[in-house]
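Reviewing the structure listed below.
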Amino acid sequence: MWGYLWLMPIFLAVWAISGVWIVFAIAVTNRTVDLSRGFPYISICGSFPPQSCIFSQVLNMGAALAAWICIIRYHQLRDWGVGRWPNQLILWTGLLCALGTSVVGNFQEKNQRPTHLAGAFLAFILGNVYFWLQLLLWRLKSLPQPGAPWIGPLRLGLCSFCTILIVAMIVLHACSLRSVSAACEWAVAMLLFALFGLFAVDFSALESCTLCVQPWPSLSPSPASHISLPVQL
């Protein structure tokens, strides 16, 4: 029986995809971007008010949801027997991707270009690495694969296509083919959101998540007074 945690990845994918396209629509409507001069990058659409405020809110909330998904996935992999260090590497890669997404939303390309580009690197490059590590771990460890048999090949195809598009985006931008490069950027963003959404299949096996707070050994109370306080999420 499916719990409620599978809704989180679905909500993230729907929220982020619809949010960035709404920002695009507003930017076109108020003519802060001109389609006759070429197709714009996502960041250009979100650089001018009022859509810059919506852009920041969409990516901040998306980053928070992505961070929670990465944490839940970390605990799921731990329960499946994945070692501490590879699991933590995957976790921190995902958290840095979420941080980069928030940076992209808060430091607009027109105002803080270096910071914005650093955030874009974390969001796109490390986001792609995060899902490649998930696939590599699944292949090496023979982990459970919830869902239909085609879910694994689908993830492999999405990750491969995402990598190709990232390389194409960088090369095309360097060659001053900005419209085609921007189209690749949009496609990469949609693929990464879709990959996060596919975690709904993995989370379908989870009924709930419990957070347990444990003190350091030096701060532990005596055994007689120890009380476990699980917090249900």
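The distance from atom CH2 of W15 to atom CE of M61, rounded to the nearest 0.5 Å, is 5.0 Å. With rounding to the nearest 0.5 angstrom, the CG atom of L5 is 10.5 Å from the CH2 atom of W68. Distance check: I166 CD1 to F121 CZ gives 10.0 Å after rounding to the nearest 0.5 Å. Distance check: I54 CD1 to C45 SG gives 12.0 Å after rounding to the nearest 0.5 Å. To the nearest 0.5 Å, atom CD1 of residue I26 and atom OG of residue S52 are 10.0 Å apart. Atom CD in Q108 sits 11.0 Å away from atom OG1 in T115 (nearest 0.5 Å).
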(Q) side-chain contact (heavy atoms from CB on, under 4.5 Å), that's the test. Do F199 and M8 meet it? Break it down for me. (A) CA-CA 9 Å; F199 275 135; M8 189 181 297; over 6 Å; no
Q: Go through the steps to decide whether I90 and Y74 satisfy the test side-chain contact (heavy atoms from CB on, under 4.5 Å), and finish with yes or no.
A: CA-CA 8 Å; I90 295 174; Y74 167 83; over 6 Å; no
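Side-chain contact check for N106 and Q112: no donor-acceptor pair (N or O, by modelled atom type) lies under 3.5 Å. Under 3.5 Å, the side chains of T32 and Q51 contain a donor-acceptor pair of N or O atoms. With hydrogens and angles left out, the side-chain atoms of R113 and H116 include no donor and acceptor closer than 3.5 Å.
Nearest heavy atom pair, residue L192 against residue C162, reads CD2-SG, 3.9 Å. Between L12 and I69 the shortest heavy-atom distance is CD2-CD1, 3.6 Å.
Both V28 and F55 are assigned to one and the same hydrophobic cluster, defined by single-linkage of ILVMFWY side chains at heavy-atom distances under 4.5 Å. With hydrophobic clusters built from ILVMFWY side chains whose heavy atoms lie under 4.5 angstrom apart, V58 shares a cluster with I17. The cluster map of Ile, Leu, Val, Met, Phe, Trp and Tyr, joined by side-chain heavy atoms under 4.5 Å apart, puts F161 and V188 in the same cluster.
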Side-chain donor-acceptor pairs under 3.5 Å in residues 147-159, sequence neighbours left out?
{"residue": "R155", "atom": "NH1", "partner": "D202", "partner atom": "OD2", "Å": "3.3"}
{"residue": "R155", "atom": "NH2", "partner": "L198", "partner atom": "O", "Å": "2.9"}
{"residue": "R155", "atom": "NH2", "partner": "D202", "partner atom": "OD2", "Å": "2.3"}

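Within the 4.5 Å cutoff, no side-chain heavy atoms of S18 are placed close to those of F193. Within the 4.5 Å cutoff, the side chain of C70 has heavy atoms near those of the F196 side chain. The shortest side-chain heavy-atom distance between V129 and W132 does not fall under the 4.5 Å cut-off. Proximity of C184 to L172: side-chain heavy atoms (C-beta onward) are separated by under 4.5 Å at one or more points. Two residues are said to be in side-chain contact when any heavy atoms from C-beta on lie closer than 4.5 Å; V103 and L122 fail this criterion. The side-chain heavy atoms of Y130 and L96, taken from C-beta on, include no pair separated by under 4.5 Å. Here the side chains of F203 and Q76 are in contact, with some heavy-atom distance below 4.5 Å.
Within a 6.0 Å radius of CH2 in W92, no more than 12 heavy atoms belonging to other residues, nucleotides or ligands are found.
Under the 3.5 Å distance criterion, the side-chain polar atoms of E185 are matched with a main-chain donor or acceptor of I42. Side-chain atoms of T93 come within 3.5 Å of backbone N or O of L89 as a donor-acceptor pair. Formation of a donor-acceptor pair under 3.5 Å by the N60 side chain with backbone atoms of S56 is found in this model. A donor-acceptor pair under 3.5 Å links the side-chain atoms of W186 to the main chain of P40, judged by distance alone. Looking at T101, its side chain does come within 3.5 Å of a backbone N or O of C97 through a donor-acceptor pair. Side chain of S204 to main chain of V201: a donor-acceptor pair is present (N/O by atom type, distance under 3.5 Å, no hydrogens or angles).
Between F24 and F39, the distance separating the two ring centers is shorter than 6.0 angstrom.
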